[in-house]
Amino acid sequence: MAKTSLSFVCQNCGAAFNRWQGKCESCGEWNTLVEEAADGASIPASIRSKRRGRLFTLESLTGKSADAPRLPSGMGELDRVIGGGFVRGSVLLLGGDPGIGKSTLLTQATSLLARQGHRVVYISGEEAVAQVRLRAARLGLADAAVQLAAETSVEDIVATLSEGAVPRLIIIDSIQTMWTDTVESAPGTVTQVRASAQALIRFAKKTGAAIILVGHVTKDGQIAGPRVVEHMVDAVLSFEGEGSQQFRILRAVKNRFGPTDEIGVFEMTGLGLREVSNPSELFLSARDLGSPGTAVFAGMEGSRPVLVELQALVAPTTLGTPRRAVVGWDSSRLSMVLAVLEAHCGVKLSGYDVYFNVAGGLRINEPAADLAAAAALVSSLANAPLPTDAVYFGEISLSGAVRPVSLSSARLKEAAKLGFGRAVLPESARGDAGSNLGSNLGSDAGLILNTVGNLTSLVADIAAKGKPRKTDDAAKASPEKTTPEKNTTPARFRSGER
Ligand code: TYD
Ligand code: MG
């Protein structure tokens, strides 16, 4: 029999080394190597012995499956993200910060399924049965026929679930607490998490039950331990939200059976998570109408248009290197827009701190937000409120040109639906439309379309309406070229000194 070989496995990335070292050469983390039995070393010799392979039948793609391939949970926002329902035999990983609401979401989803008469099982490795019951009671779901257990042994779980009807959905909350006898490492280690997940995935594929594995996320936003599980599962969902905000966003990071650009929006209330089917209203609800520095961006989240408020604060700095703080957007994207404003539009920002925020805790990834961001920045700098009935979208190129973006008509329709009166959009969005966009737009409930070909003209438009700030009398808000009478004092737009 082979000698049990030991190796040192990084608990962050799963890389294995022959000897211990302080720093993982693979991911650069310190103190993450732990001695574990190498994969396969603990497989019983009886299994490793040379056995002849068993014959199995090969199936065709068009074969019949017993049940409907997808099982919708009945929570519209959850179903949209997973692509229309739980696929038979699929395994999902749900990651999120502690306390974000993963257990709440899954309690609600399982209860809905149980009420439809499906067998659903909730295995909690973290909370006692009484605690899960207490939560269900708070949510008013105590009457749902969810089967509950507080267990951590994968062998026991698989044995129990193999009895009786195959469950349609099994929740494992969480995968870090599970352990299996087949490996020797302590629960929570990479080897244990990987082996436990493998066993559960095997069970799902064999029986056709869908499984959701809950995974915790570490400080830097990676799913600890379960990171190594990501490639094994069919879909990775992440549940996000700012701690202080009520909104929670469910996002698919990977999905073998559906899109990855859809989001589900929820609101955490005293009675659990409430679905928000019209997120635009949510993100715009507490809007500061008419204050400088805010612009409404007509964005897309997957197939759904979402209007969201972008907020910028540009304030004189007291620091040698001005601050650039961004929440909800890419900071290098902000730097790019600031550089274009500075290089092509004569907007001097080097003497100003810039704070940028996306309202409601949403995270924007689209380049289409550039134009709205630039409008918000210039509006704050010039102390010029933007029209409250306008939406903005468009990508800014490094030359300062405003480039067209996809799905313009969906964005415009949403804006019209929510009562906006005008849209500021790239010039060519109209041109390419000649064919269909133009005609569609005409019917968009009379939105006034202001097309911009270049950022410079938008900046001049906004700055022309600027008022001097109370706190900043020395500087005037408008660029010299648009309002020459204000040039007697140094204009903010030209003041490059620190
Ligand atoms: P939970 O689902 O336990 O989070 P996770 O499983 O992701 O760690 O949610 C915990 C938080 O949600 C907790 O801070 C309380 C809050 N909460 C509500 O606000 N309302 C509710 O109805 C419930 C059940 C929880
Ligand atoms: Mg939990």
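Along the sequence shown, residues are numbered consecutively beginning with 1. Note that ligands are numbered from 1 as they come in the structure, with each ligand's atoms numbered from 1 the same way.
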Find all atoms of ligand 1 within a distance of less than 4.0 Å from any non-hydrogen atom belonging to [X], and give their numbers and elements.
X    : answer
L139 : 22 (O), 24 (C)
S103 : 2 (O), 5 (P), 6 (O)
M268 : 12 (O), 16 (C), 17 (N), 18 (C), 19 (O), 20 (N)

* **Location of contacts on K102 toward ligand 1, heavy atoms closer than 4.0 Å** => both
* Asked: Heavy-atom contacts under 4.0 Å between P98 and ligand 1: side chain, backbone, both, or neither?
  -> backbone
What protein heavy atom sits nearest [atom], and how far off is it?
atom                    : value
atom 22 (O) of ligand 1 : G272 N, 2.8 Å
atom 8 (O) of ligand 1  : G99 N, 2.7 Å
atom 21 (C) of ligand 1 : R138 NH2, 3.3 Å
atom 4 (O) of ligand 1  : G101 N, 3.1 Å
atom 20 (N) of ligand 1 : T269 O, 2.8 Å
atom 3 (O) of ligand 1  : R135 NH2, 3.2 Å

* **Contact with ligand 1 for G96, non-hydrogen, under 4.0 angstrom** => no
* Asked: Does ligand 1 have an atom under 4.0 Å from some heavy atom of D173?
  -> no
Would the distance check show the side chain of [X] and the main-chain N or O of [Y] forming a donor-acceptor pair, the cut-off being under 3.5 Å?
X    : Y    : result
R251 : G264 : no
D79  : G74  : yes
K205 : S90  : no

* To do: Apply side-chain contact (heavy atoms from CB on, under 4.5 Å) to I170 and I212, showing your working.
  => CA-CA 6 Å; I170 301 163; I212 300 184; over 6 Å; no
* To do: Might you check, step by step, whether the distance between atom 10 (C) of ligand 1 and some protein heavy atom is under 4.0 Å?
  => yes
* So does E366 pair up with R411, basic N to acidic O under 4.0 Å? -> yes
* Asked: Quick one: do D173 and K102 make a salt bridge, cutoff under 4.0 Å?
  -> no
* Determine, considering heavy atoms only, which of D97, T104, L271, I100 sits nearest to atom 25 (C) of ligand 1. => T104
* **Residue of the set Q131, H216, Q176 for which side-chain hydrogen bond (donor to acceptor under 3.5 Å, both in side chains) holds with E126** => H216
* Please find out if the Mg ion (ligand 2) and some N, O or S atom of S103 are separated by less than 2.8 Å. => yes
* Asked: Between R248 and F266, is NZ or CZ placed under 6.0 angstrom from the six-membered ring centre and within 45° of the ring axis?
  -> no
* **Modelled atom types, side-chain donor and acceptor of S277 and E275, under 3.5 Å** => no
* Asked: Has R323 got more than 12 heavy atoms of other residues, nucleotides or ligands less than 6.0 Å from its CZ?
  -> no
